[in-house]
Amino acid sequence: LLSCNFLMNRLVEHSKLDTAVVIYKQLKLLGLRPNVYTYGIVIKAFCRKSNLEEAFNVFGEMEESGVAPNAYTYCIYLEGLCEHSMSAFSYEVLQVWKSESVPVGVYGYTVVIRGFVRENKLKEAEMVLIDMEQQGLFVDEYCYGALIQGYCKAGNIMKAITLHDQMAAKGVSTNCIIINLILQCLCQIGMASEAVNQFNNFKDSGMFLDDVTYNVAIDALCKKGKLDEAVSLLMR
RNA sequence: CAGGAUUUC
C-alpha cells in the first residue's frame, strides 16, 4: 500500500490523473484498505481534474471505511477549491469545519489567503489574517508571505513593508523568500536603488539570502547602470 | 507513503 501511495502521488504530479484513480480502484478491488495518505492523494487527483464534487465524495468514502480525515486531507480539498477560484467558498467551508472542531490547522488558513490573493481579493485575504489573530492562532511566515506577495503584485510596497514590520514586531521570523518578494517589488515599481539599499541592510544584518535574492539584487544594480557592482556581487 | 509562497520583461 505504501508503494501504491507513492506511485499514485507521482502519477498525480505528472498529471496522469486517470491512471492514479484506476490504481485507487484496483486497490480496493484487491481488498487493500486505503489509508489516510491514499485518500489524501485521491482527493488531490480529483481536484486537479476539476472534479471537486468527486473530491468531496471521498470524505464520505472515508467515513464508510472508518478512516478519519486529517489536516492534510482537509487542506488539500480547500486548496482544490481555491485553485478553481472558489476561495470564498473555501473560506466558508473552513469556518464550518472550524466550528466543528475539525483539525485544519494554520495551513488551511494559508491556503485560503493564497487563494484570495490569486483572485486579487486582498481585502478578503487580510480579513482571514485578522480572523486568525482574533482566534489566537499563530500567524506564521507562510501566511504573511502569501499576503505580502499579494500586495507586492499589486505594487503596494508600503503595505507590504508594513506587514513585514508587523511580522517582526510579533516575533514571526522573516525569511529570504519574503525579502525576495519585497526587493523584487521595489525593482518593479522603479525603486531599484532602494532595493539595493535594502539588500545591503539585510546582508549586513546577517540574514540568510539565497541565490534568488542575489539575482534580484544584481538585476537592480544592472538597471541602475552599476555594472561593476553587479559583477562584484556575482563573484560570490 | 502525501501538502506551503519568490527572480531571470
Side-chain angles (χ1 to χ4, degrees), chain A residues 1-14 20 23-24 27 32-48 55 58 62 67 69-83 90 103-118 122 125 128-129 139-153 157 160 163-164 167 172-190 192 195-196 198-199 202 207-223 230 233-234:
Chain A
L1 181 65
L2 301 191
S3 345
C4 283
N5 287 348
F6 181 77
L7 175 62
M8 285 171 61
N9 193 43
R10 282 301 145 95
L11 288 167
V12 171
E13 275 169 16
H14 290 88
I23 291 182
Y24 167 65
L27 265 181
L32 285 170
R33 316 293 305 179
N35 64 13
V36 69
Y37 285 69
T38 323
Y39 287 115
I41 296 165
V42 172
I43 293 174
K44 179 163 64 174
F46 282 130
C47 287
R48 293 270 163 92
V58 175
M62 294 181 75
V67 177
N70 60 12
Y72 180 88
T73 12
Y74 288 116
C75 292
I76 205 84
Y77 175 66
L78 292 176
E79 201 166 21
L81 292 174
C82 290
E83 278 165 4
S90 183
V104 272
V106 170
Y107 184 62
Y109 286 87
T110 309
V111 163
V112 173
I113 291 176
R114 260 217 321 275
F116 277 132
V117 164
R118 258 219 333 254
L122 297 179
V128 177
L129 200 136
V139 183
D140 66 14
E141 68 234 74
Y142 287 101
C143 300
Y144 276 110
L147 194 53
I148 289 174
Q149 182 186 19
Y151 283 112
C152 284
K153 238 174 34 181
I157 188 66
L163 279 167
H164 194 229
M167 285 177 70
V172 182
S173 54
T174 184
N175 61 37
C176 61
I177 296 192
I178 296 175
I179 288 168
N180 294 346
L181 289 166
I182 290 176
L183 294 183
Q184 217 183 133
C185 179
L186 285 168
C187 291
Q188 276 164 2
I189 62 175
V196 173
Q198 293 281 353
F199 172 80
F202 286 125
M207 163 81 55
F208 172 77
L209 305 171
D210 68 359
D211 46 337
V212 176
T213 324
Y214 280 83
N215 282 339
V216 175
I218 288 168
D219 192 40
L221 286 167
C222 290
K223 280 185 178 135
L233 256 189
L234 247 184

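In what follows, every chain begins at residue 1, and chains take the letters A, B, ... in the order their sequences are listed.
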Is any side-chain heavy atom of [X] closer than 4.5 Å to a side-chain heavy atom of [Y]?
X: A:Leu233; Y: A:Phe199; result: yes
X: A:Lys44; Y: A:Asn9; result: yes
X: A:Met207; Y: A:Ile179; result: yes

Roughly, in whole Å, what's the span from [atom1] in [X] to [atom2] in [N]?
X: A:Asn70; N: B:C1; atom1: CG; atom2: C1'; result: 12 Å
X: A:Glu141; N: B:G4; atom1: CD; atom2: C1'; result: 10 Å
X: A:Ile43; N: B:A2; atom1: CD1; atom2: P; result: 16 Å
X: A:Leu78; N: B:A2; atom1: CG; atom2: P; result: 21 Å
X: A:Leu32; N: B:C1; atom1: CG; atom2: C1'; result: 14 Å
X: A:Gln149; N: B:U6; atom1: CD; atom2: P; result: 5 Å
X: A:Leu234; N: B:U7; atom1: CG; atom2: P; result: 19 Å
X: A:Phe116; N: B:G4; atom1: CZ; atom2: C1'; result: 18 Å

ask   = By salt bridge (charged side-chain N to carboxylate O under 4.0 Å, His left out), which residues pair with A:Arg10, not counting sequence neighbours?
value = A:Glu13

remark   = Taken in chain and number order and not counting sequence neighbours, the residues that satisfy side-chain contact (heavy atoms from CB on, under 4.5 Å) with A:Leu1 are A:Asn5, A:Leu27, A:Asn35, A:Thr38

Output a table of donor-acceptor pairs, distance under 3.5 Å, between side-chain atoms of residues 139-150 of chain A and any protein atom two or more places apart or on a different chain; print 'none' if there are none.
unit_1   : atom_1 : unit_2   : atom_2 : d
A:Asp140 : OD1    : A:Tyr142 : N      : 3.0
A:Asp140 : OD1    : A:Cys143 : N      : 3.0
A:Tyr144 : OH     : A:Gln166 : OE1    : 3.4

Indicate, with a heavy-atom threshold strictly under 4.0 Å, whether [X] touches base, sugar-phosphate, or nothing.
X: A:Asp211; result: nothing
X: A:Gly145; result: base
X: A:Ile178; result: base

query = With distance as the sole test, does A:Asp219 use its side chain to make a donor-acceptor pair with the main-chain N or O of A:Asn215 at under 3.5 Å?
reply = no

remark   = Between A:Pro34 and A:Tyr39 the two heavy atoms that sit nearest each other are O-CE1, 3.6 Å

key: Strand-adjacent residues in residues 180-189 of chain A, judged by heavy atoms under 4.0 Å from RNA chain B   = A:Asn180, A:Leu181, A:Gln184, A:Gln188

query = When you measure from every atom of RNA chain B, which of residues 3-14 of chain A have a heavy atom less than 4.0 Å away?
reply = A:Asn5, A:Asn9, A:Glu13

key: Proximity to the side chain of A:Asn215 - top-ranked nucleotide from B:G4, B:U7, B:C1   = B:U7

task = State which of B:C1, B:G4, B:A2 makes the closest approach to the side chain of A:Tyr142.
result = B:G4

Pairs flagged by salt bridge (Lys or Arg N to Asp or Glu O under 4.0 Å) wherever residues 175-189 of chain A is involved - sequence neighbours left out = none

